[in-house]
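Step one of this worksheet: look at the structure below.
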Amino acid sequence: MSDTTLSTLSARRVWDSRGNPTVEVEATLADGSTGRAMAPAGASRGTREAIDLRDGGSRLGGMDVRNAVGNVNRLIARELRGMDASRQADIDSRLIELDATPYKSSLGGNAIVATSMAVMHAAASSAGKPLWRYIADFTGQTPTLPLPEIQIFGGGAHAGRRVDVQDFMIMVPGASSFDEVLEVTSEVYRAAGARMKAKGGNLGVADEGGWWPVFDSNEEALETLTRAIEDTGEKPGERVVISLDIAASEFGSQGRYRLALEDRELDREQMIELLGRWIDDYPIASIEDPLAEDDPEGVIDFTRQYGHRIQIIGDDYLVTNADLVHQAADQGACNAVLVKVNQSGTVTESLACLAAARDHGYRGIVSARSGETEDVTICHLAVGLDAGQLKVGSITRSERMAKWNECLRIGEQLGDNAYVMGKPLANTWWARQQEENAR
Ligand code: PGA
Ligand code: ZN
């Protein structure tokens, strides 16, 4: 007999892909079902996202999580005991109430997100369903495999700021299966590596597994990526397109943008002009955080000029917050939202953000963090919520591959209709070009 009463919660300290401590939580239900989840950690964080509780001091760079682990083992475990794990919204409300700060800084976003996800895993296990199916059933969505965005070159805060732009990625909307996306991406990654090697110097990778960016300008990275796509025999803009995360809050504020690599400072208009030129010259289908989080004027203006051509994603700008998505829709800022569970802090708040996105016709991109673990919960969320897209970094490093490989497994369970080609890029220039070609 299934009994989803939460009987125990326990946390331990584990280690993430940057060698930093993080929180893992295990939930056990009265019927013996268990669930487990780990908190990821960002490096280029939005100012309005949930805050991880770190111990501070000199040990481990101040990054230890003993207090966050203690908060789960003592307070959270005691307070959630006896609650119904299948009532995710109640669990998450209780967590929010216990924390009682705007950004979850008292119990810790890391303690809270790992608990929220672990409870969901346990409830799915009690229901005898794979997590993606459990999520699809309780949200009423039709599960689909997401279209991946995969990093080829790292940058920004993930690569010692060696280039200003944070992610140079590709999407393969023209692929007919998830497996084909990975194969095409692997070829492009190889070709990009060969180009970096040919330039001389050492090949290395950044935090999310993309090649270490040894370039003289941001545009050189864009150019190299385009050439690497061609090296594989693809015509850029057909099956394969480019996606950028500018992460502009990392080098811009108050409408001023300092491109350190090129030693120049741009104002808001010049920054928009630069991005516009890139959109004209390269097969770019998506740009994330084009302007800084404190520059709504810039984001709105950029969306007005380019929102009909490309996908414009708010990450630091929207921090997985439903209210901010509603506000952005009112103002005409962005047309897509990145969904990071640990940015909101709970599963329920992330679902609310995606629901808000749906209300306004905004696209959703479920995303990992730059500090990750082998945890694959977000794959199940992307599938079960029919989010449409998934961003987890590059096609190397096992904290990334764990997620792409999990999607392959889920795809087998889903069957033939699992993957919807290109649909997430509807209404972009890429989709219009496909329609024209089909005529
Ligand atoms: P972060 O970056 O996890 O370091 O915040 C990821 C992103 O900006 O998309
Ligand atoms: Zn981002």
Side-chain angles (χ1 to χ4, degrees), residues 16-20 22 38-52 54 63 103 109-110 113 146 148-171 205-210 213 218 242-252 275 284 286-295 299 302 310-321 324-325 328 333-334 336-345 350 353 363-373 375 377-378 382 387 389-394 397 399-400 403:
D16 75 10
S17 57
R18 282 192 277 247
N20 289 327
T22 190
M38 284 182 247
S44 71
R45 287 183 296 269
T47 52
R48 292 168 293 187
E49 62 177 87
I51 294 171
D52 288 342
R54 301 283 179 182
M63 300 291 282
Y103 299 116
N110 41 2
V113 77
E149 277 190 274
I150 309 186
Q151 190 191 69
I152 305 297
F153 297 117
H158 305 157
R161 300 179 197 282
R162 184 61 186 72
V163 294
D164 304 287
V165 172
Q166 183 180 284
D167 292 294
F168 296 87
M169 299 169 285
I170 61 165
M171 299 172 90
V205 299
D207 279 5
E208 296 189 359
N218 291 287
I242 290 177
S243 165
L244 300 175
D245 182 1
I246 308 295
S249 306
E250 290 291 308
F251 59 87
L275 296 175
I284 296 169
S286 177
I287 296 189
E288 181 176 329
D289 284 342
L291 286 301
E293 60 170 58
D294 69 354
D295 189 4
V299 177
F302 182 75
I310 63 164
Q311 167 168 275
I312 301 173
I313 310 171
D315 170 15
D316 296 343
Y317 192 72
L318 297 172
V319 291
T320 315
N321 180 311
L324 293 180
V325 172
C334 309
V337 58
L338 208 71
V339 177
K340 293 167 163 170
V341 187
N342 83 323
Q343 210 168 37
S344 71
S350 303
C353 173
R363 304 169 182 88
I365 300 92
V366 172
S367 171
R369 302 307 304 247
S370 52
E372 268 295 331
T373 67
D375 190 291
T377 310
I378 59 167
Q389 296 171 66
L390 179 64
K391 177 190 182 200
V392 310
S394 194
R397 296 182 53 138
E399 78 279 7
R400 315 286 150 192
K403 288 149 182 87

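Side-chain atoms are counted along with the backbone in the values below, which use heavy atoms only and exclude waters and symmetry mates. Atoms within each ligand, like the ligands themselves, are counted from 1 in listed order.
A donor-acceptor pair under 3.5 Å links the side-chain atoms of Glu49 to the main chain of Gly46, judged by distance alone. Checked by atom type and distance alone, the side chain of Ser249 pairs as donor or acceptor with a backbone atom of Glu293 at under 3.5 Å.
Across all non-hydrogen atoms, the minimal contact from Asn342 to Arg369 is OD1-NH1, 2.9 Å. Shortest non-hydrogen contact noted between Gly154 and Phe168 is O-CD1, 4.5 Å. Residues Leu318 and Ala328 come closest through the heavy atom pair CD2-CB, 3.7 Å.
Excluding waters, the protein N/O/S atoms found under 2.8 Å from the Zn ion (ligand 2) are Asp245 OD2, Glu288 OE2, Asp315 OD2.
Asp245 and Gln151 are not linked by any side-chain donor-acceptor pair at a separation below 3.5 angstrom, with hydrogens and angles left out of the test. No donor-acceptor contact under 3.5 angstrom links the side chains of Thr320 and Ser350, judged on distance only. The closest side-chain donor-acceptor pair between Arg363 and Ser286, if any, does not fall under 3.5 angstrom. Of the N and O atoms on the side chains of Gln311 and Glu288, not one donor lies less than 3.5 Å from an acceptor on the other residue.
Given atom 6 (C) of ligand 1, the protein heavy atom at minimum distance is Lys340 NZ, 3.4 Å. Nearest protein heavy-atom neighbour of atom 3 (O) of ligand 1: Ser370 N, 2.8 Å. Summary of contacts: the protein heavy atom closest to atom 8 (O) of ligand 1 is Gln166 NE2, 2.8 Å.
Atoms of ligand 1 lying under 4.0 Å from any heavy atom of Asp245, numbered from 1 in the order shown and given with element: 7 (C), 8 (O), 9 (O). Close contacts between ligand 1 and Asp315 involve ligand atoms 7 (C), 8 (O), 9 (O) [criterion: under 4.0 Å to a heavy atom]. Residue Gly42 has at least one heavy-atom neighbour below 4.0 Å for each of these atoms of ligand 1: 1 (P), 3 (O), 4 (O), 5 (O). The distance from ligand 1 to the heavy atoms of Lys391 drops below 4.0 Å at these ligand atoms: 7 (C), 9 (O).
Polar contact with ligand 1: absent for Leu338 (N/O pair, distance under 3.5 Å). Considering backbone and side-chain atoms together, Ser367 places no N or O closer than 3.5 Å to any N or O of ligand 1. Of the N or O atoms in Glu288, one or more lie within a sub-3.5 Å distance of an N or O in ligand 1.
Taking Ser17 as the reference, Glu372, Arg397, Glu399, Arg400 meet the side-chain contact (heavy atoms from CB on, under 4.5 Å) condition, with sequence neighbours excluded.
Within the 4.5 Å cutoff, no side-chain heavy atoms of Val366 are placed close to those of Gln389.
Neither the backbone nor the side chain of Asp207 has any atom closer than 4.0 Å to an atom of ligand 1 (non-hydrogen atoms only).
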Report the C-alpha distance between Thr373 and Asp375 in whole Å, list the side-chain angles of each, state the deciding distance to 0.1 Å, and finish with yes or no for side-chain hydrogen bond (donor to acceptor under 3.5 Å, both in side chains).
CA-CA 5 Å; Thr373 67; Asp375 190 291; 5.0 Å; no

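Ligand 1 has at least one atom lying under 4.0 Å from a heavy atom of Ser44.
Ranked by closest heavy atom to atom 2 (O) of ligand 1, the top entry among His158, Gln343, Arg369, Met169 is His158.
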